[in-house]
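Single-structure report; data block below.
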Amino acid sequence: MSKYANLSREELVARLAAIESGATAGLTEDVQAQPVAGPSSVPQIQASPKEARIAGPSIANGSLPPSTEAINEEDSLAGMNKSQRKAKKRNEKPFHFPSHPTRHIALLVAYHGWPYSGLALQPPLSPDAPIVQTVESELLVALEKTRLIEGGKGWEGCGYSRCGRTDRGVSGEGQVVNLWVRSARRPGDGGANLDGEGGWKEAEEPVPPKPKPTEEEDAEGEGEGEGEGEPSTKMTQAKPTPVEYPYPKLLNSVLPHSIRILAWSPLSRPFDSRFSCTHRHYRYAFHLRPTPTSPPLDLDLMRDGASRLIGEYDHRNFCKLDGSKQIENHKRTVLKAYFEPSPEFPDMIIFNLIGTAFLWHQVRHIIAMLFLIGSKLETPNIVSDLLDVEKYPSKPNYMMGHPLPLTLHHCGYPDEAGLDWRFGGYDGPYSSLSEEEKDKLYPVAMGGREGFERALDSSRQEAELRAWQIGGSMRKMNQVLGPSRAEKTGGCLWPVGGGDFQMTGKYKPVETRRRGETPDEVNRKWREMKERKGVAAAAAMAAAEGDE
């Protein structure tokens, strides 16, 4: 502000009037060129004394109001402390991602499936169509916004991989992804060892040298006791152990509440969240009584049917075929299939299915058949029959289960994969430590976890209260009118999950229903269609070249 000390009274009044009027034009060359020596240097004003006194140089004599840009900039900086000024200048500086080291990490991701069109990133339906909202589209935006990956390069630019692809409406509470992200660590910084098997990389380009501080910046530093002549108070304190960026906290601050990062793990060994996985664990929730007036499902029959799934079988009749993938082997191994009561809701049952890998919509087809068994419309033998591809070379038509109750609960990895989950920025071994050592490191290894859990539990409580309010209508009706009686329609009813059910006057057994195409037929038709499209595209291209 010292540059305004020698301005005349008229010039100061003119500048203040320009600020109040919001003028943004620059100073004229005439005003800038004249020396600041006194009233004689001010341009002549063709206006009344009162106007001249209020407005200073006017547009009437061909000059423009003084610029407020430089004044506003200096005034805004003058109102900030040193840390705020540094943050402002740092944000204005262009970010150069190749100047930063990167590291390989895994993220533990939870998400609600119902707001999104599946997990995987999908291209727009047409060039003019909006982006398809998926879990990965939101995650990609968050990673770019926090500058953890280089913007504009997509998943290919950061080596991204996921464990399992969930479809539209299916949720996940234990999804695992791995990728390369920006790192705060540096070699020799005093932190955990970075000499892993390719888990950390130096910056691709050297860091640009810092510009020399201006005289004004030097003066600012001296005025605050941290300039050249006086040591910084920060330097006299003990240097903390270097830590990594708190990746969950960074991402959760910009992600929608329907997607949460629960933990991260440093990776120092070769790891791929998909191909390193040894098993996937899916859970499907349902109520034993499909409707208030229908009989409960027979859980013993459902257990009998589920037990027949264990082992390696061809599951072509428990999935949706996709010719574009050209899958020829539909054998999959189911390790466990069991039911358990929900610990939170007494009238809810959880079906658990654990296997090495799964086909498209496999879990939803399996639960649909178990619902028919529990409704006593099919016997448990139907499971064994559908797994016999000689008896059923193609799938009979039946509706698969609703996606809402399905969640990817857990992705299993061997100990040698090296996963070591934590929430905070601590960068070192944690799960192998003693409880005493964990207690010492807890503030940095799990820093912020308590507040995050409070937010999660708040959402859970709100959802349960909404469910209680929704159930109020039925509670009140039963109180006023008494309990309803079982319907005697002569038909049959069975659930399909998610609160939905089907009713029919006469049930048609699965063995008598029309069957679809075999996997070989589906694959062949898709290849023929692709070939026809290729021939048509080639013909159109040739015609276009002929026109030219």
Task: Given Lys331, Gln362, Arg332, the one that forms side-chain hydrogen bond (donor to acceptor under 3.5 Å, both in side chains) with His315 - done: Gln362
Mind checking salt bridge (Lys or Arg N to Asp or Glu O under 4.0 Å) for [X] and listing every partner two or more places apart, or none if nothing turns up?
X: Glu340; result: Arg283
X: Arg466; result: Glu462
X: Glu521; result: none
X: Lys320; result: none

Might you point out which heavy atoms bring [X] and [Y] nearest each other, and give the distance in Å?
X: Ala142; Y: Leu255; result: CB-CD2, 3.5 Å
X: Arg308; Y: Tyr313; result: O-CE1, 3.8 Å
X: Asn252; Y: Ile259; result: OD1-O, 4.3 Å
X: Ala368; Y: Gly401; result: CB-N, 3.7 Å

When you check the side-chain N and O atoms of [X] and [Y], is any donor under 3.5 Å from an acceptor?
X: Gln122; Y: Ser117; value: no
X: Tyr116; Y: Ser137; value: no
X: Arg162; Y: Ser273; value: no
X: Ser342; Y: Glu344; value: yes
X: Ser324; Y: Asp322; value: yes
X: Tyr398; Y: Glu378; value: no
X: Ser434; Y: Glu437; value: yes

Can you tell me if [X] uses its side chain to pair, donor with acceptor, with the backbone of [Y] under 3.5 Å?
X: Ser276; Y: Asp272; result: yes
X: Gln175; Y: Leu119; result: no
X: Trp468; Y: Ala463; result: no
X: Arg316; Y: Pro393; result: yes
X: Ser265; Y: Ala106; result: no
X: Asp500; Y: Gly497; result: no
X: Tyr284; Y: His402; result: yes
X: Arg422; Y: Tyr426; result: yes
X: Asn317; Y: Tyr392; result: yes
X: Asp420; Y: Ser431; result: yes

TODO: Could you label the plane-to-plane angle of the His112 and Trp114 rings as parallel, tilted or perpendicular, counting under 30° as parallel and over 60° as perpendicular?
DONE: parallel
- [ ] Just say parallel, tilted or perpendicular for the rings of Tyr282 and Phe358, cut-offs at 30° and 60°.
- [x] perpendicular
Task: Trace of the salt bridge (Lys or Arg N to Asp or Glu O under 4.0 Å) decision for Glu244 with Arg103 - done: CA-CA 10 Å; Glu244 190 53 272; Arg103 73 179 306 161; 2.7 Å; yes
Taking the ring centre of each residue, are [X] and [Y] less than 6.0 Å apart?
X: His279; Y: Tyr413; value: no
X: His330; Y: Phe318; value: no
X: Phe286; Y: Phe371; value: yes
X: Trp421; Y: Tyr430; value: no

Task: Approximate separation, where rounding is to 0.5 Å, of Ile105 CD1 and Trp200 CH2 - done: 15.0 Å
Open item on the list: Nearest 0.5 Å, please: how far is CG in Asn178 from OH in Tyr160?
Closed with: 8.5 Å
Task: Arg182 NZ/CZ over Tyr245 ring centroid, <6.0 Å and within 45° of normal - done: yes
Open item on the list: Using a 6.0 Å distance limit plus a 45 degree cone around the ring axis, check whether Lys325 lies over the aromatic ring of Trp360.
Closed with: yes
- [ ] Return the set of residues passing side chain to side chain contact (heavy atoms under 4.5 Å, CB included) with Ser394 (not counting sequence neighbours), or none when no residue passes.
- [x] Arg515, Thr518
Please determine whether a side-chain nitrogen of the Lys or Arg among [X] and [Y] lies less than 4.0 Å from a carboxylate oxygen of the Asp or Glu.
X: Glu528; Y: Arg524; answer: yes
X: Asp300; Y: Arg303; answer: yes
X: Arg454; Y: Glu450; answer: no
X: Asp347; Y: Arg289; answer: no

Does [X] have more than 12 heavy atoms from other residues, nucleotides or ligands lying within 6.0 Å of its [atom1]?
X: Ile131; atom1: CD1; answer: no
X: Lys438; atom1: NZ; answer: yes
X: Met474; atom1: CE; answer: no
X: Met399; atom1: CE; answer: no

- [ ] Would you mind listing every salt bridge (Lys or Arg N to Asp or Glu O under 4.0 Å) that reaches into residues 383-400, with sequence neighbours excluded?
- [x] Asp385-Lys391
Open item on the list: Set out, in order, the CA-CA distance, both residues' side-chain angles and the distance that settles salt bridge (Lys or Arg N to Asp or Glu O under 4.0 Å) for Arg460 and Glu464, then state yes or no.
Closed with: CA-CA 6 Å; Arg460 180 192 61 81; Glu464 290 184 2; 2.9 Å; yes
